[in-house]
Amino acid sequence: MTGSTPAQSLAGQPPGQEAKESWVPMIAIALGQVIMSFNVASLPVAMGGMVKSFNVPPTTIATGIVMYSMLVAGFVMLGAKLNQRFGAVNVFRATVVLFGCAQVLMTFSPNATVMITAQGLSGAAAAAIVPSLVALIAENYRGTQQATALGALGSARAAAGVAAFLIGGVLGTFIGWRPAFGILIVLSAVVFVLSFRLKADHGRPEVQIDLVGVVLAAAAIVLISFGFNNLNRWGLAVATPAAPFTIAGLSPAPVFIVVGIVLGQLFVRWTRRRQEAGKTPLLALEVITSGQERAAVMAMFAVVALEAMLNFSVPLYIQIVQGRSPLATAIAMMPFNLTVFFSAMLIVRFYDKLTPRQIGRYGFILCTVALVWLAFVVRNDWSAVPVLFGLVVFGIGQGSLVTLVFNVLVTASPKELAGDVGSLRGTTNNLAAAVGTAVAGALLVGLLSTIVLGRVAATPELTPEVQAMVNLDSINFVSNDRLRTALETAGATPQQVNAAVVVNAESRLRALKIGLLIMAAIALLSIIPAGRLPDYKPGEIPDPDKAPPAR
């Protein structure tokens, strides 16, 4: 029996007989990914400029980032069903227009409220664009072209991140933050024009939209994201004064997370009952029926969460601790972003030599080794060659894994479920990014607090009077200059100031090192789901379109 290759599993067509299609439609598809990724990657770079423009604290600007991610993760499954019902091309074209209008609002926003609204509209548009990208690739390409297109889609995300850091950093430094988002208005128009080169598809009016499922899925994802994002502010267990309410003294953040998980389980049960009744589910459970597919989802969650944790840690250390510019952050992260970009593109060349299981294991091993290496070599200068080497190694593993697990999900499902795969990818990516960032923040700040309190108690110069000059109940990452200024203003002696600065510098670095080791442990544990990925050999991939229906 002759099987198909990973690249042709959606096509069911031998490589020797496949017709080569124009790559112009792929430009539209890739740019659709670029405008979304560029937007969300530009927000942290533009934060300083927006704080000055709107005269609000950074937490208010961060609300825009949260708004975007939550809307994408919460409603991407609804977006997939809209694609199936009305056709991927029609939905893609309409939502690109909506995204462009949102960027007009973003570029000319007079205040933070309008900015947050613009990001909400962008997230709503992205929730429909994300699943349409996979469906459009499945519709326009076959065989090896399809595998290349899937790799290009992953690379487009990485390329947009690189461009956002560079362009946003340069424009923000010399002109202002608004032109970076103005670029997205032009790109949205280009994508709209190129969308007319996509193959016309037809919607399926018989597809029903499960409104109960929409509410359950969105509520679960929003509560989980919101809970993790507020672990620091509201408290990990005991409620802090900043918590909006308490439950017998308990922080609402973990409660939100638990309730969100329960609602997620209810969503799965509701979806299963709906499928058994012959009705259209919000998410076809066939895309996560097998252990291999669930392993791919877990691996995807792990690698995206690890990327988010590293992307939080590096800007935190460079901008907050070292006090350097966003452009300096972009330069420091450039080796990592470029490595992710090229790895995502080139890993497809190894699909005929290594099985997904092997690539998955090797990828997480590289991530583990890189994070352990970084934990031992990181100093107060992220541009040091050993640190850059560690970032490059992590980028190789991360870029390879993102493309791999996405390809596994796509090739394991029939063509008609491509939209469901895309929505699952969007939900997993955005939820993992939110959780990874929140966990990194809670982890590093928690470690810093513990280390600082221990060092303060062991430093004779830091008397109770000096300790009263700073708020030890709310320890966070601050620069040495800021700490020195605060203590000198409060009347501390030069010896006390110097002792406090030493404690601050050493505690920050130690917290970062321990945090990186914990991240390495997470990467090491992720080898377990990677070991359950498909172990197909070349020529043995089954065609999912010919597989019997799942029971």
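Values reported hereafter were calculated over all heavy atoms of this structure, with side chains retained and with hydrogens, waters and symmetry mates removed.
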Check [X] against [Y] and note the closest heavy-atom contact, atom names and distance.
{"X": "Val378", "Y": "Val387", "result": "CA-CG2, 3.8 Å"}
{"X": "Ile396", "Y": "Leu366", "result": "CG2-CD1, 3.8 Å"}
{"X": "Ala41", "Y": "Ala164", "result": "CB-CB, 3.5 Å"}
{"X": "Pro131", "Y": "Ala80", "result": "CG-N, 3.5 Å"}
{"X": "Ser37", "Y": "Ala160", "result": "CB-CB, 3.5 Å"}
{"X": "Ala217", "Y": "Leu282", "result": "CB-CD2, 4.2 Å"}

Show the numbers, then the answer: is there a side-chain contact (heavy atoms from CB on, under 4.5 Å) between Gln398 and Thr339?
CA-CA 9 Å; Gln398 198 272 339; Thr339 304; over 6 Å; no

Starting from the C-alpha separation in whole Å, work towards a yes-or-no answer on side-chain contact (heavy atoms from CB on, under 4.5 Å) for Leu371 and Leu517.
CA-CA 7 Å; Leu371 290 169; Leu517 286 175; over 6 Å; no

Just so I know, are the side chains of [X] and [Y] near enough to count as touching, which here means a heavy-atom distance under 4.5 Å?
{"X": "Leu283", "Y": "Phe267", "answer": "yes"}
{"X": "Asn429", "Y": "Phe301", "answer": "no"}
{"X": "Leu424", "Y": "Met77", "answer": "no"}
{"X": "Ile221", "Y": "Met70", "answer": "no"}
{"X": "Leu310", "Y": "Leu391", "answer": "yes"}
{"X": "Leu223", "Y": "Phe226", "answer": "no"}
{"X": "Ile35", "Y": "Asn39", "answer": "no"}
{"X": "Thr95", "Y": "Ser132", "answer": "no"}

Would you please test Asn430 and Val76 for side-chain contact (heavy atoms from CB on, under 4.5 Å) and show each step?
CA-CA 10 Å; Asn430 284 276; Val76 71; over 6 Å; no

side-chain contact (heavy atoms from CB on, under 4.5 Å) between Ile224 and Val259, worked out:
CA-CA 8 Å; Ile224 292 173; Val259 173; over 6 Å; no

Check for a donor-acceptor pair, side chain of [X] on one end and backbone N or O of [Y] on the other, with a separation under 3.5 Å.
{"X": "Trp373", "Y": "Pro386", "result": "yes"}
{"X": "Arg357", "Y": "Pro534", "result": "no"}
{"X": "Arg178", "Y": "Ser109", "result": "yes"}
{"X": "Gln119", "Y": "Ile116", "result": "no"}
{"X": "Thr368", "Y": "Leu524", "result": "yes"}

Are Phe54 and Trp177 near enough that their ring centres are under 6.0 Å apart?
yes

Is the gap between the ring centers of Trp234 and Phe245 under 6.0 Å?
no

Please round to the nearest 0.5 Å and tell me the distance separating atom [atom1] of [X] and atom [atom2] of [Y].
{"X": "Leu404", "Y": "Ser343", "atom1": "CG", "atom2": "OG", "value": "12.5 Å"}
{"X": "Leu266", "Y": "Ile261", "atom1": "CG", "atom2": "CD1", "value": "12.5 Å"}
{"X": "Met300", "Y": "Thr427", "atom1": "CE", "atom2": "OG1", "value": "10.5 Å"}
{"X": "Ser122", "Y": "Leu184", "atom1": "OG", "atom2": "CG", "value": "8.5 Å"}
{"X": "Ser188", "Y": "Leu31", "atom1": "OG", "atom2": "CG", "value": "9.5 Å"}
{"X": "Met106", "Y": "Leu121", "atom1": "CE", "atom2": "CG", "value": "11.5 Å"}

Heavy atoms of other groups near Arg510 CZ, more than 12 under 6.0 Å
no

Is it true that Thr107 and Gln103 share a donor-acceptor pair across their side chains at a distance under 3.5 Å?
no

